[in-house]
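Take a look at the following structure, please.
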There are 2 protein chains.
Amino acid sequence: MAFHLIRKLEQFTRLSSDDKRILEQAASLKVRRLGSREDIFREGDKPRHINLILDGWACRYKVLEDGRRQITALLIPGDLCDVHMFILTRMDHSVGAITPLSVAEIPTDTILEITHGSARLSRAFWWNSLVEEAIAREWVTNLGQREAIERVAHLFCELFLRLRSVGMTNSQASCPSFELPVTQEQLADATGMSTVHVNRTIQEMRERGLIVWKGKTVTIPDLEALQDVALFNANYLHLDHAGQAYDANEP
Amino acid sequence: MAFHLIRKLEQFTRLSSDDKRILEQAASLKVRRLGSREDIFREGDKPRHINLILDGWACRYKVLEDGRRQITALLIPGDLCDVHMFILTRMDHSVGAITPLSVAEIPTDTILEITHGSARLSRAFWWNSLVEEAIAREWVTNLGQREAIERVAHLFCELFLRLRSVGMTNSQASCPSFELPVTQEQLADATGMSTVHVNRTIQEMRERGLIVWKGKTVTIPDLEALQDVALFNANYLHLDHAGQAYDANEP
DNA sequence: CGGCCGCTTGAATACCGTCAATTATAGTGG
DNA sequence: CCACTATAATTGACGGTATTCAAGCGGCCG
């Protein structure tokens, strides 16, 4: 069940089979299923437990008084919503399902047990939330400095790398590809652009051969080219096994 | 020395005099002074210790290949740079001084001692970094959804409340005011706007009586009016003493 | 097969950026 | 104390990028 999370955390550190068993167990205690566009929780809610995305896509978002909506993060399998939120009394944003979703609800107590029991897992969770923070900072930069095509290209680069890090890309045959179950409207909410302009931007990207997007599959003929137009630098994703020093324990 | 940090953390939880003494001590171990526009650290650096801003303003920022620059956070006295960064191998962004700065360098060991020694302080630090994350998300929303005047107004509201929470505002006489040692160019880098347009936006705000900005002092004649044009909702700052339940110890 | 949601297109316009020049302010040294 | 210089703020003109509005198209699901 916790396959994607384990795979992601292993980008940072190796995990013992004990660690993995613990994660598997935590992820299978209670699984909740949501339909597309349902909310996992809403702004103002009291946080109760940690949610782990097992399957499907979700997004964090904020809504302004007048209805404008900003997606502040796209969540894919292996992502944790609000690892630490139990410190705060109220959620300051919402998380909603983009596709039908299956989510593990992990009680905060279980999380505390895990982090107290294993320094490796504790650090791995820590790393995970630091990366989330770094992604948020990169989004600020993306929205503030990059223009339309760079912005969308950047998001595609990020998604590709994040999906690859949890084993959700196809690199067979010629070009790498992945499933993108997101509408152009949602892309607009994530990039701070209008739907119309997202559409035109996507078209330009297609014309320039940067992406092929048919149905729900995106193919990237030339990743380097895409990264170039995006001014993409992957360092903020910290996919560098920085925590290797921590696993003295087991092979 | 650690006055502002203590004051800020007390927005979350009450601290014992022991807690405060520990913080004071940590903040006075080693103090570094920087001139305006010097960097505390740069993207690519290896994080060595935690930096606590004692005096002056700083900013986190990222620079694109072609020189475009985005400020992703404004840092004021009491703010910690990279509480958790020692998990990561390389910094993915820079932090630079806006004004002359005095910064406490706190060794990671000291931080670990503190957090292991006091559950209250540990949670307070946690709260602090959750709030930083929340601010980053709000900035994403700000850049993505709000137009120029709303965006600048929002930043002013945020700064006012954050400064007030560390005791750096003046509410005497009639209207609240604070020192803003930031150039319009830096404001532009923070809001993703051009300098020229920041200038024009500020002028409109002045004409509409939303702010008075003379020299380095900003006065807010009508905070509610400013919040209204900003579509500002303070919940993301979590200034609600959420951690009061934690201080059973001392009066 | 019809309806709905998402995608696409065009035209008009608003917002904001760029360039370039001018004025104001602050910091520095004689 | 004042001239000098650098930095910051301001202004105008122009153009480009992105938004809005409105309408048409197309595929997928019931």
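Model, not experiment: these values are computed from the prediction. Chain naming here is simple, since letters A, B, ... match the order of the sequence lines and numbering starts at 1 in each.
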- request: For Leu180(A) and dG6(C), give me the distance from atom CG to atom P, rounded to whole Å.
  value: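 After rounding, the gap between these two atoms is 14 Å.
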With the side chain counted from C-beta on, respond yes when Ile135(A) and Leu237(A) share a heavy-atom pair under 4.5 Å apart, and no when they do not.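 Sidechains of Leu237(A) and Ile135(A): in contact.
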Residue that, paired with Tyr236(A), satisfies side chain to side chain donor-acceptor pair (under 3.5 Å) out of Glu138(A), Glu158(A), Arg137(A):
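With Tyr236(A) as partner, Glu138(A), Glu158(A), Arg137(A) yield a single side chain to side chain donor-acceptor pair (under 3.5 Å), made by Glu158(A).
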Discussion item. Please determine whether a side-chain nitrogen or oxygen atom of Asn199(A) lies at a distance below 4.0 Å from atom OP1 or OP2 of dC7(C).
Written reply: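 False: Asn199(A) side-chain N/O out of range (4.0 Å or more) of dC7(C) OP1/OP2.
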field: For chain B, the stretch of DNA chain D it reaches, first to last nucleotide, under 4.0 Å of its heavy atoms
entry: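 Range of nucleotides within reach of chain B: dA8(D) to dA13(D).
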Quiz item: Would you find a donor on one side and an acceptor on the other, under 3.5 Å apart, between the side chain of Glu150(A) and the backbone of Glu147(A)?
Solution: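 It does hold such a pair.
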Contact summary for Ser102(B) and Arg33(B), nearest pair of heavy atoms: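 Nearest pair, atom of Ser102(B) first, then Arg33(B): CB-NH1, 3.5 Å.
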(Q) Could you work out, with side-chain contact (heavy atoms from CB on, under 4.5 Å) as the rule, every residue matching Glu43(A), not counting sequence neighbours? (A)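 Glu43(A) satisfies side-chain contact (heavy atoms from CB on, under 4.5 Å) with Ser94(A), Asn233(B), Asn235(B) once adjacent residues are dropped.
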(message) Measure CD1/Ile202(A) against P/dT8(C) and give the value in whole Å, please.
(response)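 In whole Å, dT8(C) P and Ile202(A) CD1 are 9 Å from each other.
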Quiz prompt | 4.5 Å side-chain heavy-atom contact, Leu180(B) and Leu163(B) | solution =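 No, every pair of side-chain atoms sits at 4.5 Å or beyond.
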Can you give me the closest heavy-atom contact between Pro221(A) and Thr219(A), atom names plus distance?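 Where Pro221(A) meets Thr219(A) most closely, the heavy atoms are CD-O, 3.4 Å.
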Item to complete: For residues Ile71(B) and Arg69(B), determine if any side-chain heavy atom of one lies less than 4.5 Å from a side-chain heavy atom of the other.
Response: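 Ile71(B) vs Arg69(B): side chains touch.
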Item to complete: Under 4.0 Å between any heavy atoms, over every strand shown, what does Arg37(A) touch: base, sugar-phosphate, or nothing? Just pick one.
Response: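 Sugar-phosphate, backbone atoms only, no base.
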### Pairs touching residues 216-225 of chain A that satisfy salt bridge (Lys or Arg N to Asp or Glu O under 4.0 Å), sequence neighbours left out
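Output for this query is empty, none listed.
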Practice item. Check salt bridge (Lys or Arg N to Asp or Glu O under 4.0 Å) between Arg42(A) and all other residues, then give those that pass, not counting sequence neighbours. Key: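 Result, salt bridge (Lys or Arg N to Asp or Glu O under 4.0 Å) vs Arg42(A): Asp39(A).
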Exercise for the section: Give, ordered by number, those residues of residues 209-218 of chain A having at least one heavy-atom distance below 4.0 Å to an atom of DNA chain C; if nothing qualifies, reply none. Expected result: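 Within residues 209-218 of chain A, no residue comes under 4.0 Å of DNA chain C.
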Letter by letter from the 5' end, nucleotides 14-22 of chain C scores (B base, S sugar-phosphate only, - none; protein heavy atoms under 4.0 Å) --SSBB---
